[in-house]
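Step one of this worksheet: look at the structure below.
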Amino acid sequence: MIHPQPRNFWWLLLGLIGISAAAWFINTYQPTQPYYLSIFFLIVFSSCFFLLLFLLNNVRRAILLSIGVVLFLLLRYLTLRQSYYIVLLVASLVSLEITLQKR
């Protein structure tokens with residue numbers, strides 16, 4: 001019988017700190033310069049990664065879903081709001097998950 005690995009409390013703490021850092025960053029700086037945007041997306045990626053790592057307890061899926069969240073927000077920033085962009089994003093993430101799955 002396989003025993004699941006225990007969840008690490010520090011991942012949850014880092015994720016919540018990342019969300020508060022993203023909120024502070026949004027309220028402090030305007031997205032007028034490209035390096036502010038890159039810092040924002042890096043903060044969002046790291047906070048989503050740690051929260052999803054705590055929830056899913058799987059590094060590969062946490063990375064894929066975090067990349068998906070960042071790409072979704074990037075599409076919204078670039079005003080690409082058609083539904084087929086989201087469908088293509090979900091399809092590519094599912095295909096990557098199937099490709100990287102252990103056999």
**OP:** Evaluate side-chain contact (heavy atoms from CB on, under 4.5 Å) for W11 paired with N57, printing each intermediate quantity in order.
**Re:** CA-CA 10 Å; W11 295 336; N57 214 11; 3.4 Å; yes

**OP:** Could you go through the side-chain contact (heavy atoms from CB on, under 4.5 Å) check for L12 and F50 one step at a time?
**Re:** CA-CA 6 Å; L12 178 63; F50 286 120; over 6 Å; no

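Here L16 contributes atom CG and S47 contributes atom OG; the two are 9.5 Å apart, rounded to the nearest 0.5 Å. Between the CG atom of L96 and the CG atom of L93 there is a distance of 6.5 Å, given to the nearest 0.5 Å. Taken from CG in L73 to CG in L78, the straight-line distance is 11.0 Å, to the nearest 0.5 Å. Atom CZ of F54 and atom CG of L14 lie 12.0 Å apart (nearest 0.5 Å). One finds the CG atom of L64 at 11.0 Å from the CZ atom of F49 (value rounded to the nearest 0.5 Å). Here I67 contributes atom CD1 and F45 contributes atom CZ; the two are 5.0 Å apart, rounded to the nearest 0.5 Å.
Remark: Q30 CD is loosely packed, at most 12 non-hydrogen atoms of other residues, nucleotides or ligands lying under 6.0 Å away. Residue-environment remark: CD (Q33) exceeds the threshold of 12 foreign heavy atoms within 6.0 Å.
Using a 4.5 Å heavy-atom cutoff, the side chains of I19 and L51 are in contact.
Here the closest non-hydrogen pair linking A62 and L56 is N-CD1, 4.3 Å. Between L37 and P31, the closest heavy-atom pair is CD2-CB, 3.7 Å. S66 and C48 get closest at one heavy-atom pair: OG-C, 3.4 Å.
In the hydrophobic clustering of this structure, I43 groups with F41; members are Ile, Leu, Val, Met, Phe, Trp, Tyr whose side-chain heavy atoms approach within less than 4.5 Å, directly or through other members. Hydrophobic clustering places Y84 together with I86 (ILVMFWY residues linked when any side-chain heavy atoms are closer than 4.5 Å, directly or through intermediates). A continuous path of ILVMFWY side-chain contacts below 4.5 Å connects Y85 to Y77, so both sit in one hydrophobic cluster. Following chains of ILVMFWY side-chain contacts shorter than 4.5 Å, one cannot reach V94 starting from L65, and the two form parts of different hydrophobic clusters. Connection of L74 to Y35 is established within a shared hydrophobic cluster, with ILVMFWY side chains joined at heavy-atom distances below 4.5 Å, either directly or through further cluster members.
Aromatic ring orientation, F25 versus F40: parallel (interplanar angle below 30°, classes split at 30° and 60°).
Side-chain atoms of R7 come within 3.5 Å of backbone atoms of L55 as a donor-acceptor pair (strictly under, hydrogens ignored).
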